[in-house]
Protein chains: 2
Amino acid sequence: MRLLKTSEYAIRVLSHMARNEAERYSVSSLHRALGIPYKYLGRLMRKLTKAGLVDAARGKTGGYVITRPPGSIHLIEIVEAVEGLEDFDHCILGFEACSSDQPCPLHDQWGVQRDSIRRMLEEASLEDLALKFEEESEASD
Amino acid sequence: MRLLKTSEYAIRVLSHMARNEAERYSVSSLHRALGIPYKYLGRLMRKLTKAGLVDAARGKTGGYVITRPPGSIHLIEIVEAVEGLEDFDHCILGFEACSSDQPCPLHDQWGVQRDSIRRMLEEASLEDLALKFEEESEASD
DNA sequence: TGGATATTCTACCTCCAGGTGGGAAATGAG
DNA sequence: CTCATTTCCCACCTGGAGGTAGAATATCCA
Ligand code: SF4
Ligand code: SF4
């Protein structure tokens, strides 16, 4: 009952980058600031680039920058890019599909829970999470 | 956002066995009835035996039987036995712990979702799910 | 007393998430 | 031009989930 670690990484990175919408962040700076393994973070950033969430620039003054306003990027989009959303539609007994002919007592309850989490991820944006890192920077900058 | 496949298997098996509280089910009969890989199911049943959820008997008339009334066995106990409950307490940004000093906007929302699912698993018993298989048997017995 | 049927045990296998390492290629600063 | 800094790409490793194979052990029944 948790996101993939990589999804958590992605949300953490993008929330951090949402602080300064225009700044270019290098992998090494993100690694230092957020404690995510350097090499693995590089691969993740490449993935987020291909997903269109960030824009990459090589060379000395290169780095990554968010492509869209933080308020318009919702967590569901990040999760989808990293791990997909398949696991949000899954029978709690592991059946492929027993349709809704004779749903078991848990079918609806379980569906409500999944939908509730999904809705939360759809409504929460990077702007909401950015201030988390504002607070930290006040102390450590 | 789903349980481990093995947890789903376990819930499926135990719900099926909850039909007849006293009957001894062999691995092969459970395999045939529920479509769970035979060898893997054997290992799972051994695990459930060690967890005290079922009782094993060897020999010709052997098999597994539920140890307690289905109404008293709740799903949370099964999930705990199979995959543990660690993943139900986890920051959505993947941080170890930033405590509740300055929780981010998602901290409480995410906590509510986890607790809600946990409560569902605590309240749902095998008795509730047993009738799912009653219906099936009416058609195929 | 067998032999059939059951659980039990050990050892492997495959796949994938997470992680590491060594470079190649681009690009701005000097 | 040169070089440092950056993204990019490759191959590899590890641990655990899910699955498979083969035999050892217990037990009832005929
Ligand atoms: S009715 Fe129950 S068993 Fe069937 S798909 Fe829904 S949750 Fe699964
Ligand atoms: S406040 Fe936010 S970042 Fe901190 S533990 Fe809670 S969810 Fe994670």
Side-chain angles (χ1 to χ4, degrees), chain A residues 1-13 17 23-67 79 81-84 86-87 90 93-94 96, chain B residues 1-13 17 23-67 79 81-84 86-87 90 93-94 96:
Chain A
M1 251 350 85
R2 65 177 274 198
L3 298 176
L4 247 40
K5 203 170 187 179
T6 310
S7 296
E8 297 171 347
Y9 284 162
I11 296 174
R12 200 196 297 184
V13 166
M17 292 174 70
E23 180 173 346
R24 294 202 98 88
Y25 294 89
S26 70
V27 174
S28 56
S29 75
L30 291 171
H31 160 65
R32 255 179 281 115
L34 301 173
I36 302 170
Y38 177 73
K39 280 295 191 176
Y40 193 68
L41 179 55
R43 186 193 293 177
L44 172 57
M45 294 313 293
R46 240 172 290 141
K47 191 168 193 173
L48 296 180
T49 304
K50 275 171 187 153
L53 288 168
V54 298
D55 194 42
R58 300 216 261 191
K60 187 140 188 172
T61 60
Y64 296 93
V65 69
I66 300 192
T67 52
V79 173
V82 173
E83 63 176 289
E86 298 78 18
D87 286 357
H90 211 270
L93 294 181
E96 296 299 330
Chain B
M1 255 345 90
R2 63 177 277 199
L3 297 176
L4 246 41
K5 203 171 188 179
T6 311
S7 295
E8 296 171 348
Y9 283 163
I11 296 174
R12 200 196 295 184
V13 166
M17 292 175 71
E23 182 173 345
R24 295 203 96 89
Y25 294 89
S26 70
V27 173
S28 56
S29 75
L30 292 171
H31 160 66
R32 253 179 284 117
L34 302 173
I36 301 171
Y38 176 72
K39 282 292 192 178
Y40 193 68
L41 180 56
R43 184 192 293 177
L44 172 57
M45 294 313 292
R46 237 173 294 141
K47 191 169 193 172
L48 296 180
T49 304
K50 277 171 185 153
L53 287 167
V54 299
D55 193 44
R58 301 215 260 191
K60 188 144 188 172
T61 60
Y64 296 92
V65 69
I66 299 192
T67 52
V79 173
V82 173
E83 62 176 288
E86 297 79 19
D87 287 358
H90 212 270
L93 294 181
E96 297 298 332

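The analysis underlying the following values was restricted to heavy atoms, covering all of them including side chains, and did not include hydrogens, waters or symmetry mates. These numbers were taken from a predicted model, which means no experiment stands behind them. Per chain, numbering begins at 1; letters A, B, ... match sequence-line order.
The distance from atom CZ of Arg12(A) to atom CG of Leu34(A), rounded to the nearest 0.5 Å, is 6.5 Å.
Between Arg46(B) and Gly62(B), the residue whose closest nucleotide on DNA chain C is further toward the 5' end is Gly62(B).
At whole-Å resolution of the value, CG in Asp55(A) and C1' in dC8(D) are 15 Å apart. One interatomic measurement links the two molecules: NE2 of His31(B) to C1' of dA6(C), which rounds to 15 Å at whole-angstrom precision. To the nearest angstrom, C1' of dT7(D) lies 13 Å from CG of Leu30(A). Protein atom OH of Tyr64(B) is 9 Å distant from nucleotide atom C1' of dA6(C), rounded to whole Å. When rounded to the nearest whole Å, the span between CG of Leu4(A) and C1' of dA17(C) equals 7 Å. Per the geometry, NZ belonging to Lys47(A) stands 15 Å off P belonging to dC8(D), to the nearest Å. Rounded to an integer number of Å, the gap from CG of Leu3(B) to C1' of dG18(D) is 16 Å. Taking atom NZ of Lys50(A) as the reference point, atom P of dT7(D) lies 14 Å away to the nearest angstrom.
Applying the side chain to side chain contact (heavy atoms under 4.5 Å, CB included) rule to Lys5(B) yields the partners Arg2(B), Glu8(B), Tyr9(B); only residues at least two apart in sequence or on another chain are considered. Residues that satisfy the side-chain hydrogen bond (donor to acceptor under 3.5 Å, both in side chains) test with Tyr38(A), not counting sequence neighbours, are absent from this structure. When the side chain to side chain contact (heavy atoms under 4.5 Å, CB included) test is applied to Lys39(A), no partner is found at least two apart in sequence or on another chain. With sequence neighbours excluded, the residues that form a side chain to side chain contact (heavy atoms under 4.5 Å, CB included) with Ala81(A) are Ala51(A), Leu53(A). In this structure Glu23(A) satisfies the side chain to side chain contact (heavy atoms under 4.5 Å, CB included) test together with Asn20(A), Tyr25(A), sequence neighbours excluded.
Gly63(A) comes within contact range of the sugar-phosphate backbone alone, with a heavy-atom separation under 4.0 Å but no base atom that close.
For the side chain to side chain donor-acceptor pair (under 3.5 Å) condition, no pair includes a residue of residues 48-62 of chain A, sequence neighbours left out.
With a 4.5 Å cut-off on side-chain heavy atoms, Ile11(A) and Leu3(A) count as touching.
When the C1' atoms of four end pairs are superposed on the next four at each end of the helix from dT1(C)-dA30(D) to dG30(C)-dC1(D), using five pairs per end, the two resulting axes differ in direction by 10°, to 10°.
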Checklist outcome for this item: Protein heavy-atom contacts under 4.0 Å, written 5' to 3' over nucleotides 19-30 of chain D as B (base), S (sugar-phosphate only) or - (none), form the string BBBBB-BBBBS-
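For dG18(D), one of the phosphate oxygens OP1 or OP2 lies less than 4.0 angstrom from a side-chain nitrogen or oxygen of Thr6(B).
What you find for Leu30(A) and Met17(A) is that their closest heavy atoms are CD2-CG, 4.0 Å.
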